[in-house]
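Letters A, B, ... are given to chains in the order of the sequence lines, protein chains preceding strands, and every chain is numbered from 1.
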Amino acid sequence: MTVRTRFAPSPTGMLHIGGVRTALFCWLYARRHHGTFILRIEDTDRERSTPAAVQVILDGMDWLGLHPDEGPYYQTARYPRYREVIRQWLDEGKAYHCYCTKEELEAMRAAQLAAKAKPRYDGRCRERREPRPGVTPVVRFRNPADGEVVVADRVHGDVVFDNAELDDLIIERSDGNPTYNFCVVVDDFDLRITHVIRGDDHLNNTPRQINMLRALGVEPPVYAHLPMILGPDGTKLSKRHGAVSVLHYREQGYLPEALLNYLARLGWSHGDQEIFSLAEMCQLFDLDHVNKAASAINPDKLAWISQQHLMHAPPARVAAEFAWQLGRLGMDVASGPALEPIVLAQRERARTLREMAENSRYFFRAPEAYDEKAARKHLTAEAVPLLNGIHTALAALADWNAPAIHAAIEQLAASTGVGLGKVAQPLRVAVSGGGVSPPIDQTLAIVGRDGTLGRIGRAVTWIGAQAAQSAGS
RNA sequence: GCUCCCAUCGUCUAGAGGCCCAGGACACAGCCCUCUCAAGGCUGGUACGAGGGUUCGAAUCCCUCUGGGAGCGCCA
């Protein structure tokens, strides 16, 4: 039997990190077993589901590369099928009409809570034959009254529930719409889902779903309930703490495979390995090494993993996302230097593509001002002869490339009897505007000869102006 | 309140009775490398929630407690 997994988000909010992790594990499991990954949109909540939310889910999955093999299926498109099952269950006595009003139900709940009992429907309409005038009924599933249900969970082991704890849940509302737990069961059955991988907030729903599956005449699929993901502070994910749309991570400059790598390690492990390519994850993922305990997001580690991927991904691939980030900063990529050399020069000093872009501005535009501290330290009167000297040497270079530039700088340093840093730092500030950049030869190679010579000249002029100003004041 | 789940360094985790006076990773500190910043290398500190068992032996098995979390909707 081929593996069939599904990711079933409800389009009522955004697709955040928790949902993505669930989707990832479903996708990974399907890939690992050469199975089918299905996307199903659970939009039976007509009030809160929106097309925009559906689009956000689709866009997010697309950016991440978690493409479904089947679907998306929409529950709202399957209403006739749900009605059919409900009719059948009504005929077979597996479901019944309940004429209790919302007020009655509320009173019941209040009384039970007051008696320190678990609030649940008491089954008072179970044997009712006659309709009740003026009340549009709901349909309830007739849950077995006794015995127990065992959820054979791949991450938690066997979890046993008493049927006595379960009440008869509503499967069709009085407005005729089916409800979530019921739709899930019918869909998982119709779609022949073999492995239900989802958040463990659904563990408590599972025994009811198993009972309904059995009413349908099938044995349940394999279940795997994943632990929750918590915010950096160890509390539930909220808007304040990490519950942001996945696309936000793109804006922050993360490579999708880096995000996915991080998420895979949140709750799953393969010995001591931390860095995984997509292919490795697909090959190694299993349910046996999924953790049972909830885990907190650690932004520092995400950033580190991001950098690892930046350093090891093909430069051409990084360059594509890098271009997008530069564009966001208003850089004119088309008329600037080639991107791949910049990626190569910058990737070990940037944790995200966004950082890389912010640190690469001077490759596209001459600095408008010098970093104050760096200028005070390096753009000094002592630096002027050095800058003039290197200007001359660089202007005379036959070939403009890093080794040649490096040789020129070394030669100047040697002939003037100073260390390499004495030449490199003023040069770095002159060209980049600050005290930090890739190795100076690489930096100059990318900036280009014209740009470099111009910026050196401007720095010398600036030093002169500073001197004149302080002399005059 | 009831039912269910969970519990190893600050964080992510390895660990399926002896290999563990607990290993890796992030973060942190120091050193090395070095034209800056990084990257990289080396070194260091910090953890089995508590109490009872079982066993020759327990982070690993059992019980209780404590602490977290989830569910208990005509929400999904």
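- A/Lys102 places its NZ atom 10 Å from the C1' atom of B/G73, with the value rounded to the nearest Å.
- The distance between atom CG of A/Asp300 and atom P of B/U13, rounded to the nearest whole Å, is 16 Å.
- One C1' atom belongs to B/C9, the other to B/C28, and the distance between them is 13 Å to the nearest Å.
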Write down the protein N/O and nucleotide N/O pairs, taken from nucleotides 6-8 of chain B, whose separation is under 3.5 Å; answer none if there are no such pairs.
residue : atom : partner  : partner atom : Å
B/C6    : OP1  : A/His156 : ND1          : 3.4

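- In terms of phosphate contacts, A/Lys301 brings no side-chain nitrogen or oxygen within less than 4.0 Å of OP1 or OP2 of B/U13.
- At whole-Å resolution of the value, CD in A/Gln308 and P in B/A25 are 11 Å apart.
- Regarding A/Phe276, its CZ atom lies at a distance of 12 Å from the P atom of B/U13, rounded to whole Å.
- The side chain to side chain donor-acceptor pair (under 3.5 Å) test with A/His225 is passed by exactly one of A/Asn204, A/Thr206, A/Asp200: A/Thr206.
- Residue A/Thr44 places at least one side-chain N or O under 4.0 Å from the OP1 or OP2 atom of B/A76.
- On a pure distance criterion of 3.5 Å, no polar donor-acceptor pair joins the side chain of A/Arg120 and the base of B/C72.
- Under 3.5 Å, the side chain of A/Ser437 and the base of B/C37 form no donor-acceptor pair of N or O atoms.
- Side chain of A/Asp162 to backbone of A/Glu165: no donor-acceptor contact under 3.5 angstrom is found.
- Among the atoms of the strands shown, only primed sugar atoms or phosphate atoms (P, OP1, OP2) are found under 4.0 Å from some heavy atom of A/Glu42.
- Contact annotation: A/Arg349 side-chain N/O to B/G40 OP1/OP2 distance is not under 4.0 Å.
- Nucleic acid contact class of A/Ser269 (heavy atoms, under 4.0 Å, all strands): sugar-phosphate only.
- Residue A/Pro9 is classed as having no contact, given no heavy-atom separation below 4.0 Å to the nucleic acid.
- Annotation: B/G51 and B/C19 have their C1' atoms spaced 29 Å apart (nearest Å).
- In the interface, the side chain of A/Asp272 is not paired with the base of B/A25 through any donor and acceptor atom under 3.5 Å apart.
- Distance A/Ile275 CD1 to B/U13 P: 15 Å, rounded to the nearest Å.
- Both A/Ala115 and A/Ile440 lie close to RNA chain B; mapped to their nearest nucleotides by heavy-atom distance, the more 5′-ward contact belongs to A/Ala115.
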Practice prompt. Start with the C-alpha gap between A/Arg154 and A/Asp288, add the side-chain angles, then the distance that decides, and say whether salt bridge (Lys or Arg N to Asp or Glu O under 4.0 Å) holds.
Written response: CA-CA 7 Å; A/Arg154 283 295 300 276; A/Asp288 300 324; 2.9 Å; yes
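- Nearest to the side chain of A/Ser295, among B/U3, B/U13, B/C26, sits B/U13.
- In this structure, A/Phe25 has its ring center closer than 6.0 angstrom to the ring center of A/Phe285.
- Nucleic acid contact class of A/His202 (heavy atoms, under 4.0 Å, all strands): base.
- If you check every strand for non-hydrogen atoms under 4.0 Å, A/Pro207 touches nothing.
- Nucleic acid contact class of A/Val159 (heavy atoms, under 4.0 Å, all strands): sugar-phosphate only.
- With a 6.0 Å radius and a threshold of 12 heavy atoms from other residues, nucleotides or ligands, A/Asp175 has its CG atom above the threshold.
- Rounded to whole Å, the separation between the P atoms of B/G10 and B/A50 comes to 13 Å.
- Around CD of A/Glu280, the count of heavy atoms belonging to other residues, nucleotides or ligands within 6.0 Å exceeds 12.
- Nucleic acid contact class of A/Asn205 (heavy atoms, under 4.0 Å, all strands): base.
- Taking a cutoff of 4.0 Å between a charged side-chain nitrogen and a carboxylate oxygen, A/Arg81 and A/Glu84 qualify as a salt bridge.
- In this structure, CD of A/Gln273 is placed 14 Å from P of B/G15, rounded to the nearest angstrom.
- Spacing between atom NZ of A/Lys116 and atom P of B/U3 amounts to 13 Å, rounded to whole angstrom units.
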